[in-house]
Structures are given as structure tokens and as C-alpha cells.
K.L.:
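This is the structure, below, for whatever I ask next.
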Amino acid sequence: MKNTNNSLNNIDLKPITTTLQKLYVEENKASGFKNEVNNEVDSFTTFRGVIVNDFLGNKVHVNKEKLKIFVLLKLKRMTQIENITRDLTEEKNTIELVNYLNIQLTEELKKKIIKTLDNHILRESQKSPQGKKN
């Protein structure tokens with residue numbers, strides 16, 4: 001997704017780069033981009049941060065191995081229904097990161113995640129007026 005044309009040559013990228021650098025967090029084992037609203041690293045902000053950084057030519061050094069650890073930790077959380085977000089935004093962005101980083105998942109992990117997501121959708125559909133039985 002790297003920008004291959006010269007359309008950015010005349011644009012001052014410093015404000016964007018500064019913001020990306022400010023949001024990027026690298027700890028002992030994992031890395032990602034933090035959401036300024038809740039001050040936590042999440043999949044939504046991390047996926048967008050990685051995409052923008054890549055497009056700009058990797059202005060911020062992102063440790064991809066530590067980023068993969070962040071994604072794997074998120075995937076492990078996705079096997080427990082109590083960790084699933086109601087609108088599935090975090091889960092969708094975690095899967096986007098899996099694809100973007102070309103992370104290979106075991107069949108067992110895939111099945112656990114699918115089962116958890118199925119149970120979440122079933123539980124949420126029963127909460128909605130259309131899903132309740134009379």
C-alpha cells in the first residue's frame with residue numbers, strides 16, 4: 001500500500017508523522033498505536049496507524065514482531081465471549097491486522113474464535129427486539 005506516486009512530495013508530512021510517533025507505543029513484548037480517547041492501545045487505532053504509516057513510507061519505525069505479539073494477544077482474548085466488543089469493531093480490526101501482517105493462525109485458534117463470535121452474535125440477537133421470541 002506504499003505511496004508510489006510523487007503526490008506527497010509537496011506536502012509537509014511532519015504533523016502527521018509527529019502524531020503517529022506520539023501514538024506509537026512499544027513495550028517489552030508488544031507494540032501498537034494508542035487511542036487518544038481512552039489512552040490504550042487498540043486494534044482499531046493500530047490498524048489505521050499501520051496503514052497510514054505504510055502509505056507515508058514508514059516514517060515511524062514500527063516493530064512488526066512486537067506488533068504481531070499484540071495481535072496474537074488480541075486473538076487469544078477473542079476466544080472468550082466476555083472480551084468481545086458489542087459492535088465487533090476491535091475484532092474486525094484485529095482480523096484486518098492478521099491479514100495485513102500475514103499472520104498464520106492454527107485451525108484450532110480459528111475454530112475457537114469463530115465459535116466465540118457465533119455465540120456473541122447469538123447472544124446479542126436475543127437481546128434485540130427482533131431476536132426475542134414471543
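All heavy atoms count here, side chains included; hydrogens, waters and symmetry mates do not.
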K.L.:
To the nearest 0.5 Å, tell me how far Ile103 CD1 sits from Lys64 NZ.
P.N.:
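Those atoms lie 11.0 Å apart.
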K.L.:
To the closest 0.5 Å, what do you measure between CD1 (Ile84) and OG1 (Thr79)?
P.N.:
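Interatomic distance, Ile84 CD1 to Thr79 OG1, rounded to 0.5 Å: 8.0 Å.
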K.L.:
Quick one: closest heavy-atom pair of Leu67 and Gly32, and the distance?
P.N.:
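Closest approach of Leu67 to Gly32: CD1-CA, 4.1 Å.
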K.L.:
Are Lys74 and Asn93 close enough that some pair of their side-chain heavy atoms sits under 4.5 Å apart?
P.N.:
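No, too far: nothing below the 4.5 Å cut-off.
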K.L.:
State, to 0.1 Å, how close Lys22 and Lys34 come at their nearest heavy-atom pair, and which atoms those are.
P.N.:
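Heavy-atom minimum between the residues: O-CE, 3.9 Å.
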K.L.:
Are Phe44 and Leu75 connected in the hydrophobic side-chain network, where two residues link if heavy atoms are under 4.5 Å apart?
P.N.:
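Phe44 and Leu75: separate clusters.
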K.L.:
Lys14 pairs by side-chain contact (heavy atoms from CB on, under 4.5 Å) with which of Thr17, Ile11, Ile16, Thr18?
P.N.:
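The side-chain contact (heavy atoms from CB on, under 4.5 Å) with Lys14 is passed solely by Thr18 among Thr17, Ile11, Ile16, Thr18.
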K.L.:
First locate atom CG of Leu23, then atom CG of Asn39, and finally report the distance between them rounded to the nearest 0.5 Å.
P.N.:
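That separation rounds to 9.5 Å.
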K.L.:
Of all heavy-atom pairs between Lys68 and Leu101, which one has the smallest distance, and what is that distance?
P.N.:
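Heavy-atom minimum between the residues: CE-O, 3.7 Å.
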K.L.:
Would you indicate whether the side-chain heavy atoms of Ile113 and Leu109 approach each other to under 4.5 Å?
P.N.:
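Yes, their side chains come closer than 4.5 Å.
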K.L.:
Any side-chain heavy atom of Leu117 sitting closer than 4.5 Å to one from Glu91?
P.N.:
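In contact.
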K.L.:
What pairs with Arg77 under side-chain contact (heavy atoms from CB on, under 4.5 Å), at least two apart in sequence or on another chain?
P.N.:
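With sequence neighbours excluded, Arg77 shows a side-chain contact (heavy atoms from CB on, under 4.5 Å) to Asn83, given in chain and number order.
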K.L.:
Could you list the residues that satisfy side-chain contact (heavy atoms from CB on, under 4.5 Å) with Asn102, not counting sequence neighbours?
P.N.:
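Applying side-chain contact (heavy atoms from CB on, under 4.5 Å) to Asn102 gives Gln104.
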K.L.:
Given Tyr24 and Asn53, is the side-chain hydrogen bond (donor to acceptor under 3.5 Å, both in side chains) satisfied, shown in steps?
P.N.:
CA-CA 10 Å; Tyr24 179 68; Asn53 189 48; over 6 Å; no
K.L.:
By salt bridge (Lys or Arg N to Asp or Glu O under 4.0 Å), which residues pair with Lys112, not counting sequence neighbours?
P.N.:
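Testing Lys112 for salt bridge (Lys or Arg N to Asp or Glu O under 4.0 Å), a comparison that skips the adjacent residues, returns Glu108.
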K.L.:
Indicate the atoms forming the closest heavy-atom contact of Glu90 with Thr85, along with that distance.
P.N.:
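What the structure gives for the nearest pair is N-OG1, 3.8 Å.
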K.L.:
Tracing side-chain links under 4.5 Å among I, L, V, M, F, W and Y, which residues wind up in one group with Ile69?
P.N.:
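Via sub-4.5 Å side-chain contacts, Ile69 links to Leu73.
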K.L.:
Taking the side chain as everything from C-beta on, heavy atoms only, tell me whether Leu97 gets closer than 4.5 Å to Phe70.
P.N.:
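Yes, side chains in contact.
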K.L.:
Can you measure from CG (Leu88) to CD1 (Ile121) and round to the nearest 0.5 angstrom?
P.N.:
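Leu88 CG to Ile121 CD1: 5.5 Å, rounded to 0.5 Å.
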K.L.:
Do the non-hydrogen side-chain atoms of Met78 and Thr116 ever get within less than 4.5 Å of each other?
P.N.:
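With C-beta onward as the side chain, the pair stays apart.
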K.L.:
Mind checking what makes side-chain contact (heavy atoms from CB on, under 4.5 Å) contact with Glu96, not counting sequence neighbours?
P.N.:
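So Glu96 forms a side-chain contact (heavy atoms from CB on, under 4.5 Å) with Phe47, Lys92.
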K.L.:
Check Lys66 against Glu27 and note the closest heavy-atom contact, atom names and distance.
P.N.:
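Minimum heavy-atom separation between Lys66 and Glu27: NZ-O, 2.9 Å.
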K.L.:
Using every non-hydrogen atom in the two residues, find where Thr46 and Phe33 come nearest and quote the distance to one decimal.
P.N.:
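Taking every non-hydrogen atom into account, OG1-N, 2.9 Å.
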K.L.:
Do Ile95 and Asn99 come close enough that some side-chain heavy atom pair is under 4.5 Å?
P.N.:
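Yes. Closest side-chain heavy atoms under 4.5 Å.
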K.L.:
Please enumerate all residues that pass side chain to side chain donor-acceptor pair (under 3.5 Å) together with Arg123, with sequence neighbours excluded.
P.N.:
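Here no residue qualifies.
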K.L.:
Please check if the number of heavy atoms outside Asn38 that lie under 6.0 Å from its CG is greater than 12.
P.N.:
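Counting neighbours around CG of Asn38, more than 12 heavy atoms of other residues, nucleotides or ligands fall under 6.0 Å, so yes.
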K.L.:
Going from CG on Asn35 to CG on Asp42, what distance comes out if it is rounded to the nearest 0.5 angstrom?
P.N.:
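Asn35 atom CG to Asp42 atom CG measures 4.5 Å (nearest 0.5 Å).
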K.L.:
Are Leu105 and Ile114 connected, step by step, through hydrophobic side chains (Ile, Leu, Val, Met, Phe, Trp, Tyr) whose heavy atoms are closer than 4.5 Å?
P.N.:
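As far as the 4.5 Å side-chain criterion goes, Ile114 and Leu105 are not connected within one cluster.
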